[in-house]
Amino acid sequence: MASYAGRGVHGQVVQRLGARIVAGDVAEGDILDVRALGEELDVSLTVMREALKVLAGKGLIDARQKRGTFVRPRSAWNLLDADVIRWRMTGGDGRRLMRDLADIRAVVEPAAAHRAALRRTGADLAALETALAAMERARGGLAAEEEADAAFHRALLAATGNELLARLELILEPGLRERDRLVHAHGDADDPVPSHRRVLAAIRDRDAAGAELAMLDLLAKAAEDLDRAAAHPAHG
């Protein structure tokens, strides 16, 4: 789920209102006074309406006759949306988000590595190797590290040969990128290259059990990095 790409005033309104809603500054069920919000943010009603359409698309709000525009229950929010994930991270809900992400990865990725070792093609290996090489070059560059890590895990899912598993990137990638930003900003993360290299080596050797174990080890190291970042948040 890609992040909203709107720029300028329209994009700013989406970001500000979305962040307020996700942080709980505007409670579930609350009615939004669209005109008053427009005056507060110093934007026209046209800009407000367009921004609200974007937020409605993310499941955050809805509008009904005689009720007006209101915040939907959290159960209706698109929690896989990249913007919603980012707003959760900045709004104080990051710990729960990272816990849920770790749970999903623990269920999906060891099994995906196992299947990838059995089913991978030459093209799959090339994609994994390219991502690992990018990871090696990216050390110290946060954006490049984030992109290389996402590319590796995307290629891993694709290497299962299962189209449905491959599409789980839509669930994993936005949260994984936020996790990487948090951990790498801390500056004390374990070097990710060796653990990813072991996963790749087992997949290359068609060692399904070894690939699964290597992924479990990778996830354990990822959890340690996250614990360190949570215990000693970066300042700046």
Might you work through the side chain to side chain contact (heavy atoms under 4.5 Å, CB included) test for Phe70 and Ile61, ending with a clear yes or no?
CA-CA 6 Å; Phe70 60 94; Ile61 64 170; over 6 Å; no

For Lys53 and Glu50, what are the C-alpha separation, side-chain angles and deciding distance, and is it a salt bridge (charged side-chain N to carboxylate O under 4.0 Å, His left out)?
CA-CA 5 Å; Lys53 286 180 184 177; Glu50 290 302 313; 3.3 Å; yes

Give the intermediate values and the outcome of side chain to side chain contact (heavy atoms under 4.5 Å, CB included) for residues Met215 and Glu212.
CA-CA 5 Å; Met215 180 55 72; Glu212 186 170 348; 5.9 Å; no

Stepwise, does the side chain to side chain contact (heavy atoms under 4.5 Å, CB included) test hold for Leu41 with Val47?
CA-CA 10 Å; Leu41 299 173; Val47 170; over 6 Å; no

List the steps and the verdict of side chain to side chain contact (heavy atoms under 4.5 Å, CB included) for Trp87 and Lys58.
CA-CA 12 Å; Trp87 295 331; Lys58 298 176 185 295; 4.1 Å; yes

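Under a hydrophobic-cluster definition in which Ile, Leu, Val, Met, Phe, Trp and Tyr are linked whenever side-chain heavy atoms come within less than 4.5 Å, directly or via other members, Leu168 and Leu97 are assigned to the same cluster. Residues Val108 and Ile171 share a hydrophobic cluster, clusters being chains of Ile/Leu/Val/Met/Phe/Trp/Tyr side chains in contact below 4.5 Å. In terms of hydrophobic clustering, with Ile, Leu, Val, Met, Phe, Trp and Tyr side chains grouped at heavy-atom distances under 4.5 Å, Val43 and Leu52 are assigned to a common cluster. Hydrophobic clustering (side-chain heavy atoms under 4.5 Å, transitive across Ile, Leu, Val, Met, Phe, Trp, Tyr) keeps Leu226 apart from Leu219. A continuous path of hydrophobic side-chain contacts links Val13 to Val34 [ILVMFWY only; heavy atoms under 4.5 Å].
The ring-ring contact (aromatic ring centres under 6.0 Å, His included) test applied to His153 returns His196, not counting sequence neighbours. The side-chain hydrogen bond (donor to acceptor under 3.5 Å, both in side chains) check on Glu163 picks up nothing, with sequence neighbours excluded.
Heavy-atom minimum distance, Ala51 versus His10: N-NE2, 3.5 Å. Across Glu145 and Ala138, no two heavy atoms sit closer than the pair CG-O, 3.2 Å. The heavy-atom pair separating Trp77 from Ile21 by the smallest distance is CH2-O, 3.7 Å. Here the closest heavy-atom approach between residue Ile85 and residue Pro174 is recorded as CD1-CB, 3.3 Å. Closest approach of Leu218 and Ser195 over heavy atoms only: CG-OG, 3.8 Å.
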Tell me which donor-acceptor pairs under 3.5 Å the side chains of residues 115-126 have, and how far apart each pair is, sequence neighbours excluded?
{"residue": "Arg115", "atom": "NH1", "partner": "Ala111", "partner atom": "O", "Å": "3.3"}
{"residue": "Arg119", "atom": "NH1", "partner": "Thr160", "partner atom": "O", "Å": "3.2"}
{"residue": "Arg120", "atom": "NE", "partner": "Ile203", "partner atom": "O", "Å": "3.2"}
{"residue": "Arg120", "atom": "NH2", "partner": "Arg204", "partner atom": "O", "Å": "2.5"}
{"residue": "Thr121", "atom": "OG1", "partner": "Ala123", "partner atom": "N", "Å": "3.4"}
{"residue": "Thr121", "atom": "OG1", "partner": "Asp124", "partner atom": "N", "Å": "3.1"}
{"residue": "Thr121", "atom": "OG1", "partner": "Asp124", "partner atom": "OD2", "Å": "3.0"}
{"residue": "Asp124", "atom": "OD2", "partner": "Thr121", "partner atom": "N", "Å": "2.9"}

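In this structure, CE on Met98 lies 9.0 Å from CG on Asp100, to the nearest 0.5 angstrom. Taken from CZ in Arg96 to CE in Met89, the straight-line distance is 14.0 Å, to the nearest 0.5 Å. With rounding to the nearest 0.5 angstrom, the CG atom of Asp93 is 9.0 Å from the CG atom of Leu79.
Annotation: salt bridge (charged side-chain N to carboxylate O under 4.0 Å, His left out) contacts involving residues 146-158, sequence neighbours excluded, comprise Glu146-Arg177, Glu146-Arg181, Glu147-Arg154, Glu147-Arg177, Arg154-Glu173. Listed by first then second residue, pairs satisfying salt bridge (charged side-chain N to carboxylate O under 4.0 Å, His left out) with a partner in residues 23-48 read Arg20-Glu40, not counting sequence neighbours. Here side chain to side chain donor-acceptor pair (under 3.5 Å) pairs that include residues 63-73, with residues two or more places apart or in two chains, are Asp62-Arg64.
Within a 6.0 Å radius of CZ in Arg95, other residues, nucleotides and ligands contribute 12 heavy atoms or fewer. Other residues, nucleotides and ligands contribute more than 12 heavy atoms inside 6.0 Å of the CZ atom of Arg74.
Side-chain atoms of Arg179 do not come within 3.5 Å of backbone N or O of Leu101 as any donor-acceptor pair.
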